[in-house]
Amino acid sequence: MRLDPLSIPYRIAENSVRIGGAIVLAGVAGSGGSGGSFLQGAVIFVGLAAIGVALVAGWEVAYHRRFRYELTGDTFDIHSGVLSKRDREIPYHRIQNVDLRQNVIQRLLGIAEVRLETAGGGQTEAQLQYVNREEASRLQEEVPRRRGSDDSEDVDGQQQPAAASGRTLFAITPRELGILGIVSMDLRLVPLLLGALSIFGPTMIAEIVPDTEQLFLVGPIVGVGAIVATAVLSGIISVLRYYDFQLYRRGEEYRYERGLLQRFSGSIPVEKVQTLSIRENVLARWLGYASLTIETAGYSPEQGSGARSQAAIPIAERDRVLELARSIEPIEEFTFERPPKRARQRYAARYLLVVGVLVAGAYAITLHPDVAGPWYLTALLAVGVPIAAHLKWRHRGYYLGEEYVITRNGFWSQRITIVPAYRVQTVVSSRSIFQRRRRLASVVIDTAGSSSLRGDDAVAADIDDAVATELREAVGDRLQTALTTRRSETNEQSEPASA
(Lines give C-alpha, C1' and ligand atoms only; values in the text may rest on other atoms or scores of the structure.)
Protein backbone atom coordinates (compact mmCIF):
# COMPACT_ATOMS: atom_id res chain seq x y z
CA MET A 1 0.00 0.00 0.00
CA ARG A 2 1.17 3.52 -0.80
CA LEU A 3 0.75 6.93 0.73
CA ASP A 4 -2.07 9.11 -0.54
CA PRO A 5 -1.23 10.90 -3.84
CA LEU A 6 -2.20 14.22 -2.26
CA SER A 7 0.73 13.75 0.11
CA ILE A 8 3.06 14.66 -2.78
CA PRO A 9 1.91 18.28 -3.32
CA TYR A 10 1.41 18.76 0.41
CA ARG A 11 4.93 17.57 1.29
CA ILE A 12 6.36 19.66 -1.56
CA ALA A 13 4.69 22.77 -0.16
CA GLU A 14 5.62 21.84 3.42
CA ASN A 15 9.30 21.26 2.68
CA SER A 16 9.55 24.21 0.30
CA VAL A 17 8.49 26.49 3.12
CA ARG A 18 11.14 24.95 5.37
CA ILE A 19 13.92 25.72 2.92
CA GLY A 20 12.39 29.06 1.97
CA GLY A 21 14.70 30.94 4.32
CA ALA A 22 17.80 29.53 2.63
CA ILE A 23 16.39 30.38 -0.79
CA VAL A 24 15.67 33.97 0.25
CA LEU A 25 19.18 34.43 1.66
CA ALA A 26 20.70 32.95 -1.48
CA GLY A 27 18.55 35.21 -3.65
CA VAL A 28 19.52 38.32 -1.71
CA ALA A 29 23.19 37.37 -1.87
CA GLY A 30 22.90 36.72 -5.60
CA SER A 31 21.19 40.02 -6.31
CA GLY A 32 23.68 41.96 -4.21
CA GLY A 33 26.73 40.33 -5.72
CA SER A 34 25.60 40.69 -9.34
CA GLY A 35 25.93 44.48 -9.26
CA GLY A 36 22.96 44.68 -11.60
CA SER A 37 19.49 46.15 -11.39
CA PHE A 38 16.61 45.14 -9.18
CA LEU A 39 15.12 43.22 -12.10
CA GLN A 40 18.28 41.14 -12.44
CA GLY A 41 18.19 40.37 -8.70
CA ALA A 42 14.56 39.33 -8.93
CA VAL A 43 15.35 37.02 -11.86
CA ILE A 44 18.15 35.38 -9.85
CA PHE A 45 15.85 34.96 -6.85
CA VAL A 46 13.06 33.40 -8.93
CA GLY A 47 15.55 31.11 -10.62
CA LEU A 48 16.95 29.86 -7.29
CA ALA A 49 13.44 29.39 -5.94
CA ALA A 50 12.42 27.39 -9.01
CA ILE A 51 15.49 25.18 -8.71
CA GLY A 52 14.82 24.61 -5.01
CA VAL A 53 11.16 23.72 -5.56
CA ALA A 54 12.10 21.42 -8.44
CA LEU A 55 14.59 19.55 -6.27
CA VAL A 56 12.05 19.20 -3.48
CA ALA A 57 9.40 18.03 -5.93
CA GLY A 58 11.72 15.43 -7.43
CA TRP A 59 12.64 14.13 -3.98
CA GLU A 60 9.05 13.90 -2.81
CA VAL A 61 7.91 12.09 -5.97
CA ALA A 62 10.74 9.57 -5.50
CA TYR A 63 9.89 9.28 -1.79
CA HIS A 64 6.26 8.52 -2.63
CA ARG A 65 7.19 5.93 -5.26
CA ARG A 66 9.60 4.12 -2.93
CA PHE A 67 7.42 4.18 0.19
CA ARG A 68 5.33 1.05 0.87
CA TYR A 69 3.65 -0.31 3.96
CA GLU A 70 1.91 -3.62 4.57
CA LEU A 71 0.04 -5.35 7.39
CA THR A 72 1.22 -8.94 7.50
CA GLY A 73 0.14 -11.69 9.87
CA ASP A 74 2.51 -10.68 12.68
CA THR A 75 4.17 -7.39 11.73
CA PHE A 76 3.59 -3.92 10.34
CA ASP A 77 6.10 -3.71 7.48
CA ILE A 78 7.42 -0.45 6.05
CA HIS A 79 9.69 -0.14 3.01
CA SER A 80 11.15 3.30 2.29
CA GLY A 81 14.23 5.18 1.16
CA VAL A 82 15.27 7.29 -1.80
CA LEU A 83 19.05 7.07 -1.87
CA SER A 84 19.24 4.04 0.42
CA LYS A 85 16.54 1.46 0.98
CA ARG A 86 15.22 0.78 4.48
CA ASP A 87 12.98 -2.13 5.47
CA ARG A 88 11.31 -2.28 8.88
CA GLU A 89 9.18 -4.98 10.48
CA ILE A 90 7.37 -3.83 13.61
CA PRO A 91 5.69 -6.64 15.59
CA TYR A 92 2.11 -5.81 16.51
CA HIS A 93 2.68 -6.66 20.16
CA ARG A 94 5.29 -3.86 20.37
CA ILE A 95 2.95 -1.21 18.97
CA GLN A 96 1.42 0.58 21.93
CA ASN A 97 -0.47 3.38 20.21
CA VAL A 98 -1.60 4.37 16.75
CA ASP A 99 -2.03 8.14 16.83
CA LEU A 100 -3.55 10.31 14.09
CA ARG A 101 -2.81 13.99 13.50
CA GLN A 102 -4.46 16.49 11.18
CA ASN A 103 -4.00 20.23 10.88
CA VAL A 104 -6.52 22.47 9.14
CA ILE A 105 -5.02 22.09 5.67
CA GLN A 106 -4.73 18.32 6.04
CA ARG A 107 -8.39 18.11 7.03
CA LEU A 108 -9.35 20.09 3.91
CA LEU A 109 -7.30 17.70 1.77
CA GLY A 110 -8.67 14.65 3.56
CA ILE A 111 -5.27 13.30 4.58
CA ALA A 112 -3.78 12.48 8.00
CA GLU A 113 -0.46 11.59 9.58
CA VAL A 114 -0.26 8.19 11.29
CA ARG A 115 2.28 7.66 14.08
CA LEU A 116 3.15 4.27 15.49
CA GLU A 117 4.38 4.49 19.09
CA THR A 118 6.05 1.56 20.82
CA ALA A 119 6.57 0.82 24.51
CA GLY A 120 9.99 1.90 25.69
CA GLY A 121 10.89 3.52 22.38
CA GLY A 122 13.11 6.60 22.33
CA GLN A 123 11.25 8.15 19.42
CA THR A 124 8.24 7.61 17.18
CA GLU A 125 8.75 4.16 15.69
CA ALA A 126 7.24 4.99 12.29
CA GLN A 127 5.31 7.77 10.56
CA LEU A 128 3.05 7.61 7.54
CA GLN A 129 3.03 11.08 5.94
CA TYR A 130 0.31 11.05 4.70
CA VAL A 131 -2.59 8.65 4.04
CA ASN A 132 -6.23 9.48 3.41
CA ARG A 133 -8.46 9.87 6.45
CA GLU A 134 -10.39 6.64 5.85
CA GLU A 135 -7.17 4.64 5.59
CA ALA A 136 -5.80 6.27 8.75
CA SER A 137 -8.94 5.28 10.66
CA ARG A 138 -8.70 1.75 9.28
CA LEU A 139 -5.11 1.41 10.48
CA GLN A 140 -6.07 2.73 13.91
CA GLU A 141 -8.69 -0.02 14.12
CA GLU A 142 -6.79 -2.84 12.44
CA VAL A 143 -3.49 -2.67 14.36
CA PRO A 144 -5.12 -3.10 17.82
CA ARG A 145 -7.27 -5.91 16.43
CA ARG A 146 -4.21 -7.78 15.17
CA ARG A 147 -2.45 -7.06 18.44
CA GLY A 148 -5.38 -8.75 20.16
CA SER A 149 -6.50 -5.77 22.28
CA ASP A 150 -9.62 -4.82 20.33
CA ASP A 151 -12.43 -7.35 20.16
CA SER A 152 -15.43 -5.15 19.31
CA GLU A 153 -17.36 -6.22 16.21
CA ASP A 154 -20.72 -5.45 14.74
CA VAL A 155 -23.46 -7.97 14.02
CA ASP A 156 -21.91 -8.95 10.69
CA GLY A 157 -18.53 -9.67 12.24
CA GLN A 158 -16.98 -6.53 10.76
CA GLN A 159 -15.06 -3.88 12.67
CA GLN A 160 -17.08 -0.80 13.54
CA PRO A 161 -15.80 2.78 13.65
CA ALA A 162 -14.33 3.62 17.04
CA ALA A 163 -16.86 6.28 17.94
CA ALA A 164 -19.76 4.06 16.90
CA SER A 165 -18.82 0.97 18.88
CA GLY A 166 -16.98 2.62 21.79
CA ARG A 167 -18.59 3.54 25.10
CA THR A 168 -18.26 7.28 25.66
CA LEU A 169 -16.69 8.06 29.04
CA PHE A 170 -16.32 11.81 28.73
CA ALA A 171 -17.09 14.61 26.26
CA ILE A 172 -16.17 18.17 27.13
CA THR A 173 -18.97 20.74 27.11
CA PRO A 174 -18.67 24.38 25.95
CA ARG A 175 -18.98 25.51 29.59
CA GLU A 176 -16.17 23.20 30.69
CA LEU A 177 -14.05 24.36 27.76
CA GLY A 178 -14.53 27.97 28.86
CA ILE A 179 -13.57 27.11 32.45
CA LEU A 180 -10.50 25.30 31.11
CA GLY A 181 -9.44 28.50 29.40
CA ILE A 182 -9.83 30.41 32.68
CA VAL A 183 -7.92 28.00 34.92
CA SER A 184 -5.26 26.86 32.46
CA MET A 185 -2.47 29.14 33.62
CA ASP A 186 0.13 27.28 35.66
CA LEU A 187 0.08 29.44 38.79
CA ARG A 188 3.45 28.07 39.83
CA LEU A 189 4.86 30.45 37.22
CA VAL A 190 3.56 33.52 39.06
CA PRO A 191 6.27 33.60 41.77
CA LEU A 192 8.94 32.98 39.13
CA LEU A 193 7.51 35.71 36.92
CA LEU A 194 7.31 38.20 39.78
CA GLY A 195 10.82 37.31 40.91
CA ALA A 196 12.21 37.81 37.42
CA LEU A 197 10.41 41.16 37.07
CA SER A 198 11.69 42.33 40.46
CA ILE A 199 15.27 41.61 39.39
CA PHE A 200 15.35 42.49 35.69
CA GLY A 201 12.22 44.60 35.29
CA PRO A 202 13.44 47.88 36.84
CA THR A 203 16.49 48.01 34.57
CA MET A 204 14.42 47.45 31.45
CA ILE A 205 11.71 49.88 32.53
CA ALA A 206 14.29 52.53 33.40
CA GLU A 207 15.30 52.60 29.75
CA ILE A 208 11.70 53.25 28.72
CA VAL A 209 10.50 55.52 31.57
CA PRO A 210 12.84 58.52 31.90
CA ASP A 211 11.44 59.66 35.25
CA THR A 212 13.03 57.34 37.82
CA GLU A 213 10.52 58.47 40.47
CA GLN A 214 7.78 56.71 38.52
CA LEU A 215 9.79 53.51 38.24
CA PHE A 216 8.30 51.80 41.30
CA LEU A 217 4.82 52.85 40.20
CA VAL A 218 5.14 51.49 36.68
CA GLY A 219 6.80 48.23 37.85
CA PRO A 220 3.72 46.72 39.57
CA ILE A 221 1.56 47.67 36.58
CA VAL A 222 3.97 45.90 34.23
CA GLY A 223 3.99 42.86 36.55
CA VAL A 224 0.20 42.60 36.63
CA GLY A 225 0.05 43.08 32.87
CA ALA A 226 2.58 40.30 32.30
CA ILE A 227 0.59 37.91 34.50
CA VAL A 228 -2.68 38.73 32.72
CA ALA A 229 -1.08 38.33 29.29
CA THR A 230 0.40 34.97 30.28
CA ALA A 231 -2.98 33.79 31.60
CA VAL A 232 -4.85 34.84 28.45
CA LEU A 233 -2.31 33.24 26.12
CA SER A 234 -2.21 29.94 28.03
CA GLY A 235 -6.01 29.90 28.16
CA ILE A 236 -6.32 30.32 24.40
CA ILE A 237 -3.77 27.57 23.79
CA SER A 238 -5.64 25.16 26.08
CA VAL A 239 -9.00 25.88 24.42
CA LEU A 240 -7.54 25.24 20.96
CA ARG A 241 -5.78 22.10 22.18
CA TYR A 242 -8.77 20.46 23.90
CA TYR A 243 -11.59 21.69 21.68
CA ASP A 244 -14.20 18.95 21.18
CA PHE A 245 -12.33 16.55 23.49
CA GLN A 246 -13.86 13.06 23.67
CA LEU A 247 -12.80 9.95 25.56
CA TYR A 248 -14.39 6.55 25.03
CA ARG A 249 -13.68 2.91 25.86
CA ARG A 250 -13.18 0.58 22.92
CA GLY A 251 -12.41 -3.03 23.80
CA GLU A 252 -9.17 -3.01 25.78
CA GLU A 253 -8.25 0.57 24.87
CA TYR A 254 -9.21 4.11 25.77
CA ARG A 255 -9.59 6.28 22.66
CA TYR A 256 -9.47 10.06 22.60
CA GLU A 257 -9.93 12.86 20.07
CA ARG A 258 -9.18 16.55 20.55
CA GLY A 259 -8.06 19.78 18.91
CA LEU A 260 -9.33 22.58 16.69
CA LEU A 261 -6.43 23.85 14.57
CA GLN A 262 -4.67 20.49 14.84
CA ARG A 263 -6.80 17.43 15.39
CA PHE A 264 -5.37 14.55 17.43
CA SER A 265 -6.72 11.03 17.73
CA GLY A 266 -4.99 8.38 19.79
CA SER A 267 -5.33 5.35 22.01
CA ILE A 268 -4.31 4.31 25.51
CA PRO A 269 -4.09 0.52 26.04
CA VAL A 270 -5.72 -0.51 29.31
CA GLU A 271 -2.91 -2.92 30.20
CA LYS A 272 -0.32 -0.13 29.79
CA VAL A 273 -1.89 2.20 32.37
CA GLN A 274 0.69 2.86 35.10
CA THR A 275 -0.74 5.63 37.26
CA LEU A 276 -3.63 8.08 37.41
CA SER A 277 -3.09 11.71 38.34
CA ILE A 278 -5.74 14.16 39.51
CA ARG A 279 -4.47 17.70 38.98
CA GLU A 280 -5.93 21.02 40.05
CA ASN A 281 -4.39 24.45 40.41
CA VAL A 282 -5.58 26.79 43.12
CA LEU A 283 -8.13 28.52 40.87
CA ALA A 284 -9.61 25.24 39.63
CA ARG A 285 -9.75 23.96 43.21
CA TRP A 286 -11.61 27.10 44.30
CA LEU A 287 -14.14 26.56 41.48
CA GLY A 288 -14.47 22.84 42.32
CA TYR A 289 -12.84 21.55 39.12
CA ALA A 290 -9.94 19.20 38.39
CA SER A 291 -8.35 17.24 35.55
CA LEU A 292 -7.37 13.59 35.19
CA THR A 293 -4.36 12.23 33.31
CA ILE A 294 -3.51 8.63 32.51
CA GLU A 295 0.18 7.85 32.49
CA THR A 296 1.62 4.92 30.60
CA ALA A 297 5.06 3.54 29.84
CA GLY A 298 6.44 4.39 26.45
CA TYR A 299 7.27 7.29 24.19
CA SER A 300 5.25 10.46 23.79
CA PRO A 301 6.01 12.83 20.93
CA GLU A 302 5.04 15.74 23.16
CA GLN A 303 7.21 14.79 26.14
CA GLY A 304 10.14 12.80 24.84
CA SER A 305 11.69 9.44 25.43
CA GLY A 306 9.98 7.17 27.89
CA ALA A 307 7.31 9.72 28.71
CA ARG A 308 3.63 9.39 27.97
CA SER A 309 0.88 11.23 29.80
CA GLN A 310 -2.56 11.70 28.22
CA ALA A 311 -5.46 13.75 29.51
CA ALA A 312 -8.45 11.55 30.28
CA ILE A 313 -10.44 14.60 31.45
CA PRO A 314 -8.96 18.04 30.67
CA ILE A 315 -11.42 19.71 33.09
CA ALA A 316 -14.57 18.66 34.94
CA GLU A 317 -16.17 18.93 38.36
CA ARG A 318 -14.04 17.18 40.94
CA ASP A 319 -16.67 14.54 41.82
CA ARG A 320 -16.99 13.64 38.15
CA VAL A 321 -13.22 13.30 37.87
CA LEU A 322 -13.12 10.94 40.86
CA GLU A 323 -15.97 8.92 39.36
CA LEU A 324 -14.10 8.40 36.11
CA ALA A 325 -10.88 7.60 37.99
CA ARG A 326 -12.74 4.84 39.83
CA SER A 327 -14.10 3.50 36.53
CA ILE A 328 -10.50 3.08 35.35
CA GLU A 329 -9.03 1.84 38.65
CA PRO A 330 -11.42 0.64 41.43
CA ILE A 331 -9.83 2.74 44.17
CA GLU A 332 -11.36 2.79 47.61
CA GLU A 333 -12.28 5.83 49.67
CA PHE A 334 -9.13 7.47 51.04
CA THR A 335 -8.05 10.04 53.60
CA PHE A 336 -4.55 11.47 53.53
CA GLU A 337 -2.00 11.23 56.32
CA ARG A 338 -0.23 14.59 56.51
CA PRO A 339 3.45 15.11 57.35
CA PRO A 340 4.29 15.96 60.98
CA LYS A 341 3.87 19.61 61.85
CA ARG A 342 7.60 20.11 62.29
CA ALA A 343 7.88 19.84 58.50
CA ARG A 344 6.48 23.38 58.33
CA GLN A 345 9.70 24.67 59.88
CA ARG A 346 11.63 23.32 56.91
CA TYR A 347 9.30 25.02 54.43
CA ALA A 348 9.47 28.32 56.32
CA ALA A 349 13.28 28.29 56.28
CA ARG A 350 13.26 27.61 52.56
CA TYR A 351 10.87 30.46 51.80
CA LEU A 352 12.79 32.89 54.01
CA LEU A 353 15.88 32.11 51.97
CA VAL A 354 13.98 32.97 48.77
CA VAL A 355 12.78 36.26 50.28
CA GLY A 356 16.35 37.09 51.29
CA VAL A 357 17.52 36.57 47.70
CA LEU A 358 14.75 38.84 46.38
CA VAL A 359 15.58 41.56 48.90
CA ALA A 360 19.25 41.40 48.00
CA GLY A 361 18.37 41.57 44.29
CA ALA A 362 16.14 44.60 44.78
CA TYR A 363 18.89 46.36 46.76
CA ALA A 364 21.49 45.51 44.12
CA ILE A 365 19.35 47.15 41.45
CA THR A 366 19.22 50.43 43.37
CA LEU A 367 23.02 50.56 43.28
CA HIS A 368 22.66 51.60 39.65
CA PRO A 369 23.00 55.42 39.52
CA ASP A 370 19.82 55.83 37.45
CA VAL A 371 17.61 53.65 39.67
CA ALA A 372 16.18 54.62 43.04
CA GLY A 373 13.26 53.48 45.14
CA PRO A 374 12.08 51.76 48.33
CA TRP A 375 13.87 48.45 47.74
CA TYR A 376 13.29 47.47 51.37
CA LEU A 377 9.58 47.00 50.70
CA THR A 378 10.50 43.66 49.16
CA ALA A 379 11.10 42.44 52.72
CA LEU A 380 7.33 42.58 53.30
CA LEU A 381 7.17 39.25 51.48
CA ALA A 382 8.45 37.66 54.70
CA VAL A 383 5.00 38.27 56.22
CA GLY A 384 3.57 35.60 53.96
CA VAL A 385 6.22 32.97 54.79
CA PRO A 386 4.31 31.31 57.68
CA ILE A 387 1.14 31.18 55.57
CA ALA A 388 2.98 29.67 52.60
CA ALA A 389 4.69 27.09 54.82
CA HIS A 390 1.35 26.07 56.37
CA LEU A 391 -0.37 25.76 52.98
CA LYS A 392 2.45 23.59 51.63
CA TRP A 393 2.21 21.30 54.67
CA ARG A 394 -1.57 21.13 54.50
CA HIS A 395 -1.60 20.02 50.85
CA ARG A 396 0.84 17.17 51.26
CA GLY A 397 0.07 13.64 52.38
CA TYR A 398 -0.23 9.98 51.47
CA TYR A 399 -2.64 7.07 51.75
CA LEU A 400 -1.71 3.38 51.83
CA GLY A 401 -4.49 0.99 50.91
CA GLU A 402 -4.55 -2.73 50.30
CA GLU A 403 -4.17 -2.35 46.52
CA TYR A 404 -3.18 1.29 45.97
CA VAL A 405 -0.74 3.93 47.14
CA ILE A 406 -1.97 7.50 46.79
CA THR A 407 0.14 10.63 47.30
CA ARG A 408 -0.67 14.34 47.29
CA ASN A 409 1.68 17.28 46.70
CA GLY A 410 1.47 20.93 45.70
CA PHE A 411 -0.58 23.99 46.60
CA TRP A 412 -0.43 26.21 43.50
CA SER A 413 -0.75 23.12 41.31
CA GLN A 414 -1.85 20.11 43.33
CA ARG A 415 -1.22 16.58 42.07
CA ILE A 416 -2.84 13.48 43.52
CA THR A 417 -1.13 10.37 42.16
CA ILE A 418 -2.85 6.97 42.29
CA VAL A 419 -0.45 4.04 41.96
CA PRO A 420 -1.77 0.46 41.77
CA ALA A 421 0.38 -1.80 43.94
CA TYR A 422 1.10 -4.21 41.07
CA ARG A 423 2.54 -1.31 38.99
CA VAL A 424 5.20 -0.40 41.56
CA GLN A 425 8.75 -0.86 40.26
CA THR A 426 10.84 0.33 43.19
CA VAL A 427 10.27 1.99 46.56
CA VAL A 428 13.02 4.28 47.84
CA SER A 429 13.20 6.24 51.08
CA SER A 430 15.66 9.13 51.31
CA ARG A 431 16.69 11.77 53.83
CA SER A 432 18.54 14.96 52.98
CA ILE A 433 20.79 16.79 55.45
CA PHE A 434 17.98 19.19 56.31
CA GLN A 435 15.44 16.39 56.69
CA ARG A 436 17.68 14.47 59.09
CA ARG A 437 17.83 17.49 61.40
CA ARG A 438 14.05 17.30 61.81
CA ARG A 439 13.77 13.47 61.70
CA LEU A 440 11.98 13.56 58.34
CA ALA A 441 12.22 11.43 55.21
CA SER A 442 10.58 11.05 51.81
CA VAL A 443 9.40 7.85 50.15
CA VAL A 444 9.42 7.68 46.34
CA ILE A 445 7.13 5.13 44.67
CA ASP A 446 8.55 4.51 41.22
CA THR A 447 6.64 3.01 38.27
CA ALA A 448 7.42 2.40 34.61
CA GLY A 449 5.29 5.41 33.72
CA SER A 450 6.26 8.83 32.50
CA SER A 451 6.52 10.38 35.95
CA SER A 452 9.57 8.36 36.92
CA LEU A 453 11.52 9.65 33.96
CA ARG A 454 10.58 13.28 34.59
CA GLY A 455 11.52 13.13 38.27
CA ASP A 456 7.84 13.58 39.13
CA ASP A 457 7.09 10.26 40.84
CA ALA A 458 4.50 9.62 43.51
CA VAL A 459 6.21 10.91 46.67
CA ALA A 460 5.20 10.76 50.31
CA ALA A 461 7.24 13.82 51.20
CA ASP A 462 8.62 14.91 54.57
CA ILE A 463 6.99 12.22 56.70
CA ASP A 464 8.42 10.95 59.98
CA ASP A 465 11.57 8.89 59.28
CA ALA A 466 10.31 5.89 61.26
CA VAL A 467 6.99 6.00 59.40
CA ALA A 468 8.91 6.26 56.10
CA THR A 469 10.66 2.96 56.83
CA GLU A 470 7.36 1.28 57.66
CA LEU A 471 5.74 2.71 54.51
CA ARG A 472 8.57 1.49 52.28
CA GLU A 473 8.33 -2.04 53.67
CA ALA A 474 4.53 -2.05 53.53
CA VAL A 475 4.46 -0.98 49.87
CA GLY A 476 6.93 -3.75 49.06
CA ASP A 477 4.68 -6.30 50.79
CA ARG A 478 1.61 -4.96 48.92
CA LEU A 479 3.51 -5.33 45.64
CA GLN A 480 4.31 -8.99 46.26
CA THR A 481 0.74 -9.74 47.32
CA ALA A 482 -0.72 -7.98 44.28
CA LEU A 483 1.60 -9.80 41.88
CA THR A 484 0.70 -13.16 43.42
CA THR A 485 -3.01 -12.39 43.13
CA ARG A 486 -2.73 -11.32 39.50
CA ARG A 487 -0.74 -14.45 38.59
CA SER A 488 -3.45 -16.61 40.16
CA GLU A 489 -6.18 -14.75 38.25
CA THR A 490 -4.24 -15.11 34.98
CA ASN A 491 -3.80 -18.85 35.52
CA GLU A 492 -7.51 -19.30 36.32
CA GLN A 493 -8.48 -17.49 33.12
CA SER A 494 -6.06 -19.50 30.97
CA GLU A 495 -7.12 -22.93 32.30
CA PRO A 496 -10.66 -22.94 30.78
CA ALA A 497 -9.25 -21.72 27.48
CA SER A 498 -6.67 -24.52 27.35
CA ALA A 499 -9.30 -27.07 28.37
Side-chain angles (χ1 to χ4, degrees), residues 162-163 166-188 231-232 234-250 253-260 262-268 270 273-296 300 302-303 308-336 395 397 399 404 406-420 449-451 456 458:
R167 177 170 60 91
T168 300
L169 300 176
F170 176 79
I172 197 167
T173 65
R175 181 173 182 271
E176 290 168 338
L177 192 63
I179 293 175
L180 178 64
I182 295 174
V183 305
S184 289
M185 180 181 180
D186 189 347
L187 296 178
R188 293 175 297 181
V232 171
S234 59
I236 292 174
I237 293 174
S238 294
V239 169
L240 295 176
R241 184 179 184 185
Y242 291 106
Y243 177 83
D244 193 29
F245 182 95
Q246 299 178 51
L247 177 74
Y248 42 89
R249 175 77 179 260
R250 171 73 185 275
E253 288 186 335
Y254 299 106
R255 299 284 183 89
Y256 67 90
E257 297 180 1
R258 63 175 175 85
L260 179 59
Q262 189 168 22
R263 191 70 178 168
F264 294 86
S265 176
S267 57
I268 308 172
V270 173
V273 174
Q274 297 292 314
T275 63
L276 303 179
S277 294
I278 300 174
R279 301 172 185 264
E280 52 186 17
N281 60 33
V282 66
L283 182 57
R285 189 161 61 247
W286 180 65
L287 295 173
Y289 283 78
S291 64
L292 177 68
T293 57
I294 299 175
E295 298 182 359
T296 65
S300 170
E302 298 178 1
Q303 298 179 17
R308 187 167 187 88
S309 179
Q310 297 292 348
I313 297 183
I315 194 74
E317 293 183 357
R318 198 172 190 276
D319 292 341
R320 190 178 178 192
V321 170
L322 287 171
E323 180 181 354
L324 180 59
R326 289 192 170 97
S327 70
I328 297 174
E329 290 286 351
I331 56 176
E332 60 267 23
E333 294 291 335
F334 55 89
T335 303
F336 290 108
H395 289 86
Y399 169 80
Y404 297 90
I406 306 176
T407 63
R408 178 180 64 181
N409 289 285
F411 169 71
W412 292 106
S413 183
Q414 182 171 274
R415 181 173 184 262
I416 297 175
T417 306
I418 303 167
V419 184
S450 58
S451 58
D456 194 20

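We count residues from 1, following the sequence as given. Worth knowing before you read on, the calculation uses all heavy atoms, side chains too, and leaves out hydrogens, waters and symmetry mates.
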Next item on the list: Determine the minimum heavy-atom distance between Ile313 and Arg320, stating which atoms define it.
Entry: CD1-O, 4.4 Å
Margin query: Working to the nearest 0.5 angstrom, can you tell me the gap between Phe170 CZ and Tyr248 OH?
Written below: 14.5 Å
Note to self: Main chain of Phe411, side chain of Arg285: is a donor-acceptor contact present, judged purely on distance under 3.5 Å?
What the structure shows: yes
Margin query: Is the ring pair Tyr256/Phe245 parallel, tilted or perpendicular, if the boundaries are 30 and 60 degrees?
Written below: parallel
Check: What do you reckon, is CD of Glu332 surrounded by more than 12 foreign heavy atoms closer than 6.0 Å?
Finding: yes
Next item on the list: Flag the pair Leu292 / Leu276 as yes when at least one side-chain heavy-atom distance between them is below 4.5 Å, and no otherwise.
Entry: yes
Item checked: Spacing of CD1 belonging to Ile179 relative to OH belonging to Tyr289, to within rounding of 0.5 Å -> 3.5 Å
Next item on the list: For Pro420 and Gln274, work out which heavy atoms get closest and say how close.
Entry: CD-O, 3.2 Å
Check: What distance do Ile418 atom CD1 and Leu322 atom CG have between them, rounded to the nearest 0.5 Å?
Finding: 7.5 Å
Checklist line | Nearest-0.5 Å distance, CG of residue Leu247 to CD1 of residue Ile328 | finding: 6.5 Å
Next item on the list: Supply the atom-to-atom distance Asn281 CG to Trp412 CH2, rounded to the nearest 0.5 angstrom.
Entry: 10.0 Å
Checklist line | Sidechain-backbone polar pair: Arg279 side chain, Arg415 backbone, donor-acceptor under 3.5 Å | finding: no
Notebook entry, point to check: Within a strict 4.5 Å, meaning less than it, do heavy atoms of the Glu333 and Arg326 side chains meet?
Noted result: yes
Item checked: Tyr242 versus Leu177, closest heavy-atom pair with distance -> O-CD1, 3.7 Å
Notebook entry, point to check: Just by modelled atom types, is the Arg250 backbone N or O under 3.5 Å from a matching donor or acceptor in the Glu253 side chain?
Noted result: no
Next item on the list: Identify the two heavy atoms, one from Pro314 and one from Ser291, that lie closest to each other, and give their separation to 0.1 Å.
Entry: O-CB, 3.1 Å
Check: Are side-chain heavy atoms of Val270 and Tyr254 found at a separation under 4.5 Å?
Finding: yes
Next item on the list: Kindly check if the number of other-residue, nucleotide or ligand heavy atoms within 6.0 Å of CZ (Phe336) is above 12?
Entry: yes
Notebook entry, point to check: Do you know which two heavy atoms are closest between Ala312 and Leu324, and how far apart they sit?
Noted result: O-CD2, 4.3 Å
Item checked: Pairwise side-chain contact, Arg258 with Ile172, heavy-atom cut-off 4.5 Å (strictly under) -> no
Check: Can you check whether Val419 reaches Ile406 side chain to side chain, under 4.5 Å on heavy atoms?
Finding: no
Checklist line | Separation between CD of Gln246 and CG of Leu169, rounded to the nearest 0.5 Å | finding: 11.5 Å
Next item on the list: Give the minimum heavy-atom separation between Ser277 and Thr417, together with the two atoms involved.
Entry: OG-OG1, 4.0 Å
